[in-house]
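Let me begin by presenting the structure, written as structure tokens, before commenting on it.
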Amino acid sequence: MNIIEDLIGVNKEIIPKSVKLTLNNWPIIFTGFVYAVILSVLGRVAFMFSILAGIIITLVQGALFSNYLYLIENIVRYGKIDLQDFKQGFKVYLGKIYGILVVIWFVNYGASLFLRPILNIQLGFISLWSILMIAAFILLNCLPEVIYQKHYHVAESFTYAFEFMKENWLDWLVPNAVLFGVFAVLTGSGPNATAIFGRGIFSLSTQSIAGYITAQLLLSFIMVYRGLLFNVLSTTSRRKRMFMRNSYKM
């Protein structure tokens with residue numbers, strides 16, 4: 001019962017704050033359009049870099065993720081963002097994000113190179129590789145928040161994300177699953193990189209523009225919510241939260 005009470009209590013505090021912060025910082029919805037333009041240009045010129053194209057594309061994608069996470073960080077920490085935050089954001093977490101992307105690439109490459117026969121084993125209707133991908137997605141789900149809220153190196157970021165999920169899996173996964181489901185129902189996809197980078201914005205129809213704005217507002221709310229939730233769960237224990245909540249009632 002204490003677990004359910006804590007889950008409800010935390011969200012009663014965080015959800016209204018997330019809504020307010022998202023609406024107060026509504027210009028963040030235009031970042032998806034800027035990212036889409038950058039990626040569109042990159043796609044047209046990447047072939048010119050030949051063997052370096054993969055590295056350059058990864059760097060640019062890392063810079064865009066860095067920019068977005070930096071904006072979310074400023075909303076979560078300070079309640080506002082401005083043009084200067086947008087200008088600075090491309091480089092703030094680029095090194096850490098690039099390192100994480102490289103680690104993920106090496107793990108995927110090594111697994112496909114040496115373990116392919118094992119990973120292709122079918123367990124019912126799903127392969128072992130798919131199961132491992134789902135497990136990794138769950139166990140490292142809070143990695144974006146670890147990047148901008150915890151000052152850890154690449155290896156430590158993976159370790160902390162795993163430890164956080166082990167301690168807070170219920171408080172984290174339940175609300176995130178609900179938000180993921182709402183996003184999928186309203187937009188037709190999950191809150192992923194495609195949504196961040198402005199899918200469909202170049203199709204200038206009323207429907208596509210409305211869909212873009214809806215997806216961006218929902219995505220912004222989800223990311224702000226995740227940031228606030230992560231901050232609460234990573235800095236307090238369930239016992240401490242319950243104690244503080246009961247103290248306010250007295």
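Residues passing the side-chain hydrogen bond (donor to acceptor under 3.5 Å, both in side chains) test with Asn11, sequence neighbours excluded: Tyr225. The salt bridge (Lys or Arg N to Asp or Glu O under 4.0 Å) check on Glu163 picks up Lys166, with sequence neighbours excluded.
Looking only at side-chain heavy atoms (C-beta outward), Val102 and Thr58 stay at 4.5 Å or farther from each other. Side-chain contact between Val76 and Leu21: absent, with no pair of heavy atoms (C-beta onward) separated by less than 4.5 Å.
In this pair, Phe86 and Phe90 present their aromatic rings perpendicular. The plane angle is above 60°, beyond the 30 to 60° band. Relative orientation of the Phe230 and Phe164 rings is tilted, given thresholds of 30° and 60° on the angle between their planes. In this structure, Tyr152 and Tyr160 have tilted ring planes: the angle between them lies in the 30° to 60° band.
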For this session: Start with the C-alpha gap between Trp129 and Asn108, add the side-chain angles, then the distance that decides, and say whether side chain to side chain contact (heavy atoms under 4.5 Å, CB included) holds.
Result: CA-CA 10 Å; Trp129 176 248; Asn108 285 335; 3.4 Å; yes

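The structure places CD of Glu156 at 12.5 Å from NE2 of His151, a figure rounded to the nearest 0.5 Å.
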May I have the list of side-chain donor-acceptor pairs in residues 140-147 shorter than 3.5 Å, sequence neighbours left out?
| residue | atom | partner | partner atom | Å |
| --- | --- | --- | --- | --- |
| Asn141 | OD1 | Trp172 | NE1 | 2.8 |
| Asn141 | OD1 | Arg226 | NH1 | 2.8 |
| Glu145 | OE1 | Arg226 | NH2 | 2.7 |
| Glu145 | OE2 | Arg226 | NE | 3.0 |

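In this structure, Trp105 places its CH2 atom where more than 12 heavy-atom neighbours from other residues, nucleotides or ligands lie under 6.0 Å away.
Put simply, Leu128 and Val107 are part of the same group of oily side chains (I, L, V, M, F, W, Y) that touch within less than 4.5 Å, one to the next.
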